[in-house]
K.L.:
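Would you mind keeping the following structure in view while I ask a few things?
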Amino acid sequence: LLGRLFSEERAGGMSSLKLYTYPGNWRAFKALITAEYQGLEVEVPEFDADTTTKTAEFKKLSPMGKVPVLETPSGPIFEANAIARYLARVRRDTDLYGRTFYESAVVDSWLDFCAHELELPCTMWVYPIIGYMPFNPTAYAKAKEHVAKALATLDAHLLDKTYVVGESLTLADIALASALVYPAKLAMAPDFRAQFPNVMRWFDLCVHQPQFVAVVGDVVLADDELPAAANSGAAVSAPAPAAAPAKKEEKKKAAPPAAAAAAKDKEEKKPKKQEKQPKKEKAPKKEQAPAPPPDDDEPKPEKKKDHPLKILDKDAPSPFVGDVWKKIYSNNPPEVAMKQFWEMFDPEGWSLWLCRYKYNKENTKQFMTANLVGGFIQRSGEIRKWAFGTMFVTGGEDFGPEPIEVAGLWLLRGQSVEHLIECNDDAQHYYWTKIEAPVDDKMKAFVSEFWSNDVDLFLEGKKVTDGKVFK
């Protein structure tokens, strides 16, 4: 029933999603990144947060007048985690909310962990650095200590894992990584990061995904912990109560230019005060500017450019719809799904490709090879709408002299693998062989063997020890 309701809602207009937030709001990162993974178009309209959020009309969307808030065809959703959960559930085939009910519950566990154990101390640590709140040495030190404690827990959890939950990236990874973007850029010095090697390995993997880059830009790690007192200035430490409110306004004025000047230069010249008040909550914006100011502008132009495959869909539409095939594959036995595939397949608009890893001789550990495949799947997310495939690891150290090998079979929009290689550099490390059309019965059986296989079965006569589906 839940899946049917989501399907109906998508059919009713998922393209009309609007997220109200200010630029650089770390609380909105998780929603925007999730939308990137789901292939959803979310409009982020510009609005005067200082005045609009206080209106009765806006409070119909967000009762407390806070952002982010998502406007959907069915009504508004407020609170960052609720928005991210909603977007993660819109498409079940991406497994962003886990592959099973149990995994979904574990994702929720880490979302709560992030909200209670990480996000709050991170803000208490970073906000004084960017001048959003006064510097209190005791609170500052305690916040840093709490962040370290939370990261130690996460580091231990990631010791033998690539992702926080399961074998692929989920909303848990998105939420946790989003909370760490500004601390990593402004507060976490190299010696601090060195305490958590597993966290930093995982964080580096996440923020280099194209879906993250499209939202947060390049994340340049801090060379040193920026001094809170210096950024807050003497005004922060001055005890004069009458001057305190004015000083807070000054901080806001200093912050907007740092985080939003590039995008709203003209608007700020006229109503500086109005735009700087909303940025009370825009603390993270201020952080984005000190590191790489141009980063905020780079993702926006990229979004405006249509992907070549999107253009191909317009110029040369194919009767074969990838999303329809993925639903058939997910909801039917292999023999039923494959029969329907060959009835639907459009060899002029799509092509089939066999890939084999070039360096199979270097595979010495099964779990490391499985991680290699998992990373390949994740890095291919940019073309999810126009691709489908399976990747398998055969063999392992427990199978004697049998080598550990990686092979896969992909369905791609168009007649080349260039777009997969462009979005995923790892694709260059594979040999790609096109399965020419028309596909005879022998090759149909070969394709079926790849797309119907599973762990502990056999592929090309070799024991399957790990497998991933990209859909």
Side-chain angles (χ1 to χ4, degrees), residues 24-27 29-30 64 66 79-81 109-159 164 172 175-200 202-203 207 219 221-241 243-245 247-248 250-252 254-255 258-259 279-291:
N25 181 2
W26 64 271
R27 295 184 188 279
F29 285 170
K30 65 189 83 174
M64 297 299 292
K66 294 182 178 180
E79 295 297 337
N81 276 351
S109 297
W110 284 104
L111 289 178
D112 288 348
F113 171 89
C114 182
H116 301 303
E117 305 297 336
L118 196 59
E119 290 180 358
L120 180 59
C122 277
T123 58
M124 296 295 289
W125 186 14
V126 170
Y127 282 2
I129 292 177
I130 59 177
Y132 176 59
M133 65 186 297
F135 174 61
N136 180 311
T138 303
Y140 185 85
K142 198 164 187 178
K144 183 176 179 179
E145 179 185 334
H146 284 177
V147 172
K149 183 178 179 181
L151 292 183
T153 299
L154 181 58
D155 195 73
H157 176 73
L158 289 169
L159 177 62
V164 175
L176 289 162
S178 295
L180 291 173
V181 167
Y182 288 124
K185 293 173 71 172
L186 303 175
M188 294 166 58
D191 57 341
F192 181 88
R193 300 195 301 267
Q195 303 173 71
F196 317 107
N198 300 317
V199 168
M200 297 315 301
W202 158 84
F203 181 74
V207 299
V219 178
L221 301 179
D223 291 328
D224 202 354
E225 180 178 353
L226 295 182
N231 272 287
S232 300
V236 176
S237 57
K247 290 163 187 175
K248 287 184 181 178
E250 289 174 8
K251 296 170 197 175
K252 302 170 201 168
K279 288 153 196 182
K280 278 186 175 183
E281 303 177 19
K282 300 179 185 181
K285 286 176 69 180
K286 308 164 191 176
E287 309 162 5
Q288 233 170 336

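Remember, it's a predicted structure, so these values are computed and weren't measured experimentally.
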K.L.:
To the nearest 0.5 Å, how far apart are CG in L118 and OG1 in T123?
P.N.:
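One gets 10.0 Å once the value is rounded to the nearest 0.5 Å.
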
K.L.:
Roughly how far, to the nearest 0.5 Å, is the CG atom of L158 from the CE atom of M200?
P.N.:
11.5 Å

K.L.:
Rounded to the nearest 0.5 Å, how far does CD of E117 lie from CG of L151?
P.N.:
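Atom-to-atom, L151:CG and E117:CD are 11.5 Å apart.
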
K.L.:
Is it true that F29 and W26 have ring centroids separated by less than 6.0 Å?
P.N.:
no

K.L.:
For a quick test of reading the model, state the closest non-hydrogen atom pair linking N198 to D155 and the distance between them.
P.N.:
N-OD1, 2.8 Å

K.L.:
Taking the six-membered ring for Trp, is the centroid-to-centroid distance between W125 and F192 below 6.0 Å?
P.N.:
yes

K.L.:
Under a 4.0 Å N-O cut-off, is there an ion pair linking R27 with E79?
P.N.:
no

K.L.:
I'd like to know if the side chain of D224 and the backbone of A189 have a donor-acceptor N/O pair within less than 3.5 Å.
P.N.:
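Such a contact is absent between D224 side chain and A189 backbone.
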
K.L.:
Between E119 and A115, which heavy-atom pair has the shortest distance, and what is it?
P.N.:
OE1-CA, 3.7 Å

K.L.:
Which heavy-atom pair separates A222 from P190 by the least distance, and what is that distance?
P.N.:
O-CD, 3.7 Å

K.L.:
Mind listing the closest non-hydrogen atom pair of N81 and L111 along with its distance?
P.N.:
ND2-O, 4.2 Å

K.L.:
Does some side-chain heavy atom of F203 sit less than 4.5 Å from a side-chain heavy atom of L180?
P.N.:
yes

K.L.:
In terms of the angle between their ring planes, are F135 and Y140 parallel, tilted or perpendicular, with boundaries placed at 30° and 60°?
P.N.:
perpendicular

K.L.:
Between K144 and M124, is the side chain to side chain contact (heavy atoms under 4.5 Å, CB included) condition met? List the steps.
P.N.:
CA-CA 8 Å; K144 183 176 179 179; M124 296 295 289; over 6 Å; no

K.L.:
Please confirm whether the backbone N or O of M188 pairs with a side-chain atom of R193, one donor and one acceptor, at under 3.5 Å?
P.N.:
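Side chain of R193 to backbone of M188, a donor-acceptor pair under 3.5 Å: yes, one is there.
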
K.L.:
Is the centre of the Y182 ring less than 6.0 Å from the centre of the Y127 ring?
P.N.:
no

K.L.:
So, do L221 and K185 sit near enough that their side-chain heavy atoms are less than 4.5 Å apart?
P.N.:
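A side-chain contact under 4.5 Å is absent here.
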
K.L.:
Quick one: pull up OG1 in T153 and CZ in F113 and give me the separation to the nearest 0.5 Å.
P.N.:
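It comes to 5.0 Å.
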
K.L.:
Between H157 and V164, is there a donor-acceptor pair closer than 3.5 Å when you use the side chain of the first and the backbone of the second?
P.N.:
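Checked: pair present.
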
K.L.:
Which pair of non-hydrogen atoms, one from H116 and one from P121, has the smallest distance, and what is that distance?
P.N.:
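Heavy atoms of H116 and P121 come nearest at O-CD, 4.4 Å.
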
